[in-house]
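To start, the structure itself, in structure tokens.
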Amino acid sequence: MIEQLLTDKVKEAVNSLYHLDADPSQIQLQNTRKEFEGDITLVVFPFTKVSRKSPEATATEIGEYLKLNLSEAEDFNVIKGFLNITIKKEYWLNFLTENYNSDNFGYGEKSNEKPVVVEFSSPNTNKPLHLGHIRNNLLGFSLSRILAASGKNVVKVNLVNDRGIHICKSMLAWRKWGNGETPESSGMKGDHLVGKYYVVFDKYYKEEIGNLVVEGLTPEDASKKAPLIIEAQQLLQKWEAHDEETINLWGKMNGWVYEGFAITYKTLGIEFDKTYYESQTYLLGKELVEKGVKQGVYNRRDDGSVWIDLSAEGMDEKLLLRSDGTSVYMTQDMGTATQRYEEYNPEQLIYVVGNEQEYHFNVLKVVLKHLGCEWADSIYHLSYGMVELPEGKMKSREGTVVDADDLMQEMFDTSEAMARELGKIESFDDLEARNLYRTIGLGALKYFILKVDPKKNMLFNPDESVDFNGNTGPFIQYSYARIKSVLRKADESGLEVTMSKAQDADMFPQEKELLKKIHDFPVVLAQASDMHSPAVIANYAFELASEYNRFYHDLSILKEDNISSQSLRLSLSHFTANIISNALWLLGIEVPERM
RNA sequence: GGCCUCAUAGUUCAACGGAUAGAACGGAAGUUUCCUAAACUUUAGAUACAGGUUCGAUUCCUGUUGAGGCUACCA
């Protein structure tokens, strides 16, 4: 890669000119802005101190050195403190020749080192998946692919939260008011059916609270003394005591939910290497807490509860074990993290979890380190922002959630309507048309969510739904389909891609821009895996597609009678299509061969 | 109260401390003998406020204002 060559040569240059052993961070290379002549720009301000010359003079000296000593350097010009270097055409053409047929251009070497474990999704089993889960799933899945492409050995895991008071609420409501309703009898998807009874529970629970408040209780007391919540808690105790009837009901209703989730995951295109169930892991961690008490790093109070004092770290006291000896969230997470560490010996443990749990993960790390687990440093919380609706935050109890299944169906319907309106599918058979709606609809949804920096809250307006024009997935998919169409036509016309001919071609500035953009892909990929950000890949894919469309929109590639130019354009098109498809694959987005 | 995050065109999003802050949608005006108009071209429009560090600040630091989150013997 030219960046590496330049970095080395610049280092050599400042050493020879100014006797400076330059730090890599001082050598700042960037793509030259389009309005200036040149390909790559060196920012020379960091060297003006040692050169004791003006930025212009310094840039000129370094430029002269590079032109003399770097064979790829064609020429240079200086504007203020910016040294714009032009790279020889041969370099770009050689780069094209060597890589245009490479299927995994830019991907890192596959390493056999310790794995990276990525946990994402982690749903509760009392209700269907919603828009917030979609952001989680897409981020986790795309991140896993990006890390894998950069050479890591990735393990995707899901921890299903299948036990607890929430599922007991659904169970109780179903038993009281369900009349034996099943997914088969109701025609409902299993997760939606269970979610329905969660809402039913909440309705009657709220009524009871209301009545108690009328009788004179405070809302807080009322919410604790309502008969329904007490009954639900008793159900949880029965579950923990392995009561057969309770376990059976729990197993049955969870089974419905899993069937529903499986469909949602499949539609969304998400899969895991391993799924853990909280019912099997929730007892883990208690031993760790006891161990901590023995070591004197945690404190047991008179009532039997266990705490850790984190005031030295600038945090509060935190409960690790209840007075009745049962686990809390933190206890379990200590256990599952330890289990996962022992199982995989990972280089990194990544948790894709919303930013409302940032404090929890900070505490988790510190609590483990107090126990002497140095590996706690390998825990990384990929914290993402909330998905907000125009009317504010989603609240499942207030029914302002956007259901994942409904949303995807809407996307499919919208893309179908658009395709029909545009007359896109006249030559398609039914199956191909249906696949296209799915591909486009999902592409729109995924791209819309992934293009936003994970850490930021994002706004989702269901009424406007997701666009199909502009900076969108379908635009990129369209660009891909169009390139494929060009290549098909070329093939039918008997045109051949001959790189030896292309080497003789003149390269238009726009063609070089496109090639430079492709050339950047490995750098972008590395950056994305460093920053854990699919958004970097998404925005890159859009820029690449735009670049292609802008240049070729009114140019007849096939009618060009100069064989060299034709070869250059076809191979450039082929290469662009490859990179677009690779970039979208990293986002979990499919490309259509035609649309 | 304490702690954390965010604040950029009318709207949704960009910008390793670098050049004249980019796109897209929406607004206004155009472009179909061609590979495919889900496209392309032109145009108006923004760094919340006040200081500081720097050759250079949307970016780093301090303060103010505004939005969200956390601060449960819930998970």
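Residues meeting the side-chain hydrogen bond (donor to acceptor under 3.5 Å, both in side chains) test with T48(A), sequence neighbours left out: none. Listed by chain and number, the residues in a side-chain contact (heavy atoms from CB on, under 4.5 Å) with A59(A) are V44(A), V78(A), L83(A) (sequence neighbours excluded). In this structure T576(A) satisfies the side-chain hydrogen bond (donor to acceptor under 3.5 Å, both in side chains) test with no other residue, sequence neighbours excluded. Not counting sequence neighbours, Q339(A) has no partner by the side-chain hydrogen bond (donor to acceptor under 3.5 Å, both in side chains) test. By the side-chain contact (heavy atoms from CB on, under 4.5 Å) test, Q28(A) pairs with V43(A), P46(A), sequence neighbours left out. For N84(A), the side-chain hydrogen bond (donor to acceptor under 3.5 Å, both in side chains) partners are T41(A), N77(A), not counting sequence neighbours.
When the C1' atom is used for both rG27(B) and rU32(B), the distance is 24 Å, rounded to whole Å. Rounded to whole Å, the P atom of rA39(B) lies 7 Å from the corresponding atom of rC25(B). Comparing rU42(B) with rU62(B), their P atoms sit 43 Å apart, to the nearest whole Å. rA24(B) sits 8 Å from rU41(B) when the P atoms are compared, rounded to a whole Å. rG69(B) and rA37(B): their P atoms are spaced 46 Å apart (whole Å). Going from the C1' atom of rG45(B) to that of rU65(B) covers 25 Å, rounded to whole Å. Atom P of rU58(B) sits at a distance of 24 Å from the matching atom of rG66(B), rounded to the whole Å. For the C1' atoms, the distance linking rU43(B) with rA9(B) amounts to 14 Å, nearest Å.
Taking atom CG of residue L544(A) and atom C1' of nucleotide rA39(B), one finds them 16 Å apart after rounding to whole Å. In this structure, Y480(A) places its OH atom 20 Å from P of rC35(B), rounding to the nearest Å. We find that CG of L450(A) is positioned 16 Å from C1' of rU12(B), with the value rounded to whole Å. The nearest whole Å value for the distance from the CD atom in Q566(A) to the P atom in rC35(B) is 12 Å. To the nearest angstrom, P of rC13(B) lies 9 Å from CG of N457(A). Across the protein-nucleic acid pair, E421(A) atom CD and rA39(B) atom P stand 13 Å apart, rounded to whole Å. Rounded to an integer number of Å, the gap from OH of Y540(A) to C1' of rC16(B) is 18 Å. Between K455(A) atom NZ and rA14(B) atom C1' there is a gap of 13 Å when expressed in whole angstrom units.
If you check every strand for non-hydrogen atoms under 4.0 Å, N84(A) touches a base. Within the nucleic acid shown, A535(A) has no heavy atom closer than 4.0 Å to any nucleic acid atom. Using a 4.0 Å heavy-atom distance criterion, M458(A) is classed as a sugar-phosphate-only contact. Within 4.0 Å of V452(A), counting heavy atoms only, lie sugar-phosphate atoms of the nucleic acid but no base atom. The residue K424(A) sits close to a base: some heavy atom pair falls under 4.0 Å.
With centroids closer than 5.5 Å and planes inclined by less than 30 degrees as the test, F82(A) and the base of rA19(B) pass as a stacked pair.
In summary, the aromatic rings of F475(A) and Y447(A) are positioned with their centroids too far apart to meet the 6.0 Å limit. Between F47(A) and Y18(A), the distance from one ring center to the other does not fall under 6.0 angstrom.
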Please list, for nucleotides 70-75 of chain B, all pairs of protein and nucleotide N/O atoms separated by less than 3.5 Å.
| unit_1 | atom_1 | unit_2 | atom_2 | d |
| --- | --- | --- | --- | --- |
| rU71(B) | O2' | D316(A) | OD2 | 3.0 |
| rC73(B) | O3' | R322(A) | NE | 3.2 |
| rC73(B) | O2 | S323(A) | N | 3.3 |
| rC73(B) | O2 | S323(A) | OG | 3.2 |
| rC73(B) | N3 | S323(A) | OG | 2.9 |
| rC73(B) | N4 | D303(A) | OD2 | 2.3 |
| rC74(B) | OP2 | R322(A) | NE | 2.8 |
| rC74(B) | OP2 | R322(A) | NH2 | 2.7 |
| rC74(B) | O3' | R322(A) | NH2 | 3.2 |
| rA75(B) | OP1 | R322(A) | NH2 | 2.5 |
| rA75(B) | OP2 | R322(A) | NH2 | 3.3 |
| rA75(B) | OP2 | Y329(A) | N | 3.4 |
| rA75(B) | O3' | E278(A) | OE1 | 3.2 |
| rA75(B) | O3' | E278(A) | OE2 | 3.1 |
| rA75(B) | O2' | N161(A) | ND2 | 2.3 |

Which atom pairs link the protein and nucleotides 52-61 of chain B when you take only N or O atoms and keep those under 3.5 Å?
none

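No donor-acceptor contact under 3.5 angstrom links the side chains of Q527(A) and Y540(A), judged on distance only. Side-chain contact, Y548(A) with S573(A): a donor N or O sits under 3.5 Å from an acceptor N or O.
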List the protein contact pattern of nucleotides 21-27 of chain B with one symbol per nucleotide (5' to 3'): B for base contact, S for sugar-phosphate-only contact, - for none; contact means a heavy-atom distance under 4.0 Å.
--SS---
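Considering only side-chain atoms of E388(A), the nucleotide from rG68(B), rA38(B), rA19(B) that sits closest is rG68(B). In the set rU12(B), rC35(B), rA19(B), the nucleotide with an atom closest to the side chain of V486(A) is rC35(B). Nearest to the side chain of L459(A), among rC13(B), rA39(B), rA19(B), sits rC13(B). For I79(A), the listed nucleotide lying nearest its side chain is rA19(B); candidates were rA19(B), rG18(B), rA38(B).
Toward the 5′ end of RNA chain B lies the nearest nucleotide of K80(A), the other residue of the pair L422(A) and K80(A) mapping further downstream.
Within 6.0 Å of the CD atom in E35(A), the count of heavy atoms belonging to other residues, nucleotides or ligands exceeds 12.
Stacking of R163(A) on the aromatic ring of Y282(A) is recorded, both the 6.0 Å distance cut-off and the 45° axial limit being met. Remark: R569(A) fails to qualify as a cation-pi partner of F551(A) under the 6.0 Å distance and 45° angle criteria applied to the six-membered ring.
Nucleotide rU58(B) is shown with an anti base, its glycosidic torsion being more than 90° from 0.
For R52(A) and E61(A), the salt-bridge test fails: no basic side-chain N is under 4.0 Å from an acidic carboxylate O.
Consecutive Watson-Crick or G-U pairs involving RNA chain B, each under 3.5 Å on both distances, make up stems of three or more pairs at B:1-7 with B:65-71, B:10-13 with B:22-25, B:27-31 with B:39-43, B:48-52 with B:60-64.
Between the base of rU5(B) and the side chain of K456(A) there is no donor-acceptor pair shorter than 3.5 Å.
Listed by first then second residue, pairs satisfying salt bridge (charged side-chain N to carboxylate O under 4.0 Å, His left out) with a partner in residues 310-325 of chain A read R301(A)-E317(A), not counting sequence neighbours.
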In a table with atom names and distances, give each donor-acceptor pair under 3.5 Å that connects a side chain of residues 528-535 of chain A to protein atoms at least two apart or in another chain.
| unit_1 | atom_1 | unit_2 | atom_2 | d |
| --- | --- | --- | --- | --- |
| S529(A) | OG | L525(A) | O | 3.3 |
| S529(A) | OG | A526(A) | O | 3.0 |
| S533(A) | OG | A535(A) | N | 3.4 |

